[in-house]
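Structure record follows, encoded as structure tokens.
Order of listing sets the numbers, starting from 1, for every ligand and every atom in it. Starting from 1, each residue takes its place in the sequence as its number. Predicted, not measured: the structure shown is a model, and the values here were computed from it.
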Amino acid sequence: MKSNFLISISTHSNDKLGELSFFESNKDIPFDFKRIYYIYNVPKETKRGYHAHKKLKQVLWCPYGSIEVLLDDGNEKKIYILDSPEKALLVLEGYWREMKWQKKDSVLCVAASDFYDENDYIRDYDEFIGYSKRGDWNNENKF
Ligand code: T46
């Protein structure tokens with residue numbers, strides 16, 4: 001699972017004013033962002049996701065709280081914990097994902113490489129395994 005990475009987000013800290021974290025497309029993150037969305041008001045222990053994307057690349061971060069993200073490439077499963085505003089997770093195409101809210105009021109933010117398109121989703125696990133065995137992913141752009 002070499003192509004998914006936890007990224008350390010650059011942060012300016014000031015004892016009196018607090019922190020400011022930032023990242024830039026095509027510099028810190030290897031694609032252009034076309035869409036931002038965020039998920040909030042999710043009860044603790046809730047699980048979301050259960051799908052993969054055929055082409056979409058995303059970066060996930062949790063500015064408040066703690067969220068567990070399971071990534072599955074069809075062979076290997078790996079768990080990442082987003083529990084700091086200074087951590088981001090790069091999730092390229094072709095990974096089944098499941099997110100679990102570990103704390104009340106945790107917020108998941110996502111910057112995505114493309115507009116919303118339901119046709120890009122694979123929401124059936126057996127179909128995902130079929131894709132992954134055939135190596136159908138458009139993933140020339142591995143980071
Ligand atoms: C992902 C994980 C991390 C829209 O209409 N526009 C949007 O931009 C998005 C992201 C979703 N939707 C609709 C589609 C569904 O009817 O909102 C509804 C909930 O989406 P979904 O059940 O896919 O939410 P999650 O939390 O399971 O997955 C989301 C993203 O959809 C997905 O791309 O990688 O967050």
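- The nearest protein atom to atom 24 (O) of ligand 1, hydrogens excluded, is given as R48 NH2, 3.2 Å; this is a heavy-atom distance.
- Ion pair R123/E118 flagged as a salt bridge, since at least one NZ, NE, NH1 or NH2 atom sits closer than 4.0 Å to an Asp/Glu carboxylate oxygen.
- For ligand 1, the atoms sitting less than 4.0 Å from at least one non-hydrogen atom of H53 are 32 (C), 33 (O), 34 (O), numbered in the order shown with element in parentheses.
- For the pair E118 and ligand 1, the shortest N or O to N or O distance does not fall below 3.5 Å.
- Using a distance-only test at 3.5 Å, with no hydrogens or angles considered, no donor-acceptor pair links the side chain of R97 to the main chain of L70.
- Dense packing is recorded around OH of Y116, with more than 12 heavy atoms of other residues, nucleotides or ligands lying under 6.0 Å away.
- Under 4.0 angstrom from ligand 1, there are no non-hydrogen atoms of Y50.
- The nearest heavy-atom contact from the protein to atom 27 (O) of ligand 1 is G49 N, 2.9 Å.
- In this structure, E93 does not pair ionically with K54, as no charged nitrogen and carboxylate oxygen lie closer than 4.0 Å.
- For atom 10 (C) of ligand 1, the nearest non-hydrogen atom of the protein is R35 NH1, 3.4 Å.
- Within the 4.0 Å heavy-atom criterion, the part of I39 lying near ligand 1 is the side chain and not the backbone.
- Distances between N or O atoms of M99 and those of ligand 1 include no value under 3.5 Å.
- In this structure, F22 and H12 have parallel ring planes: the angle between them is below the 30° cut-off, well short of the 60° mark.
- In this structure, atom 18 (C) of ligand 1 has no protein heavy-atom contact shorter than 4.0 Å.
- Heavy-atom contacts from other residues, nucleotides or ligands closer than 6.0 Å to OH of Y64 number 12 or fewer.
- Y116 CE1, 3.8 Å is the protein heavy atom nearest to atom 11 (C) of ligand 1.
- Given atom 35 (O) of ligand 1, the protein heavy atom at minimum distance is Y37 OH, 3.4 Å.
- At the shortest separation from atom 23 (O) of ligand 1 among protein heavy atoms lies R123 NH2, 2.9 Å.
- For atom 31 (O) of ligand 1, the closest heavy atom belonging to the protein is Y121 OH, 2.6 Å.
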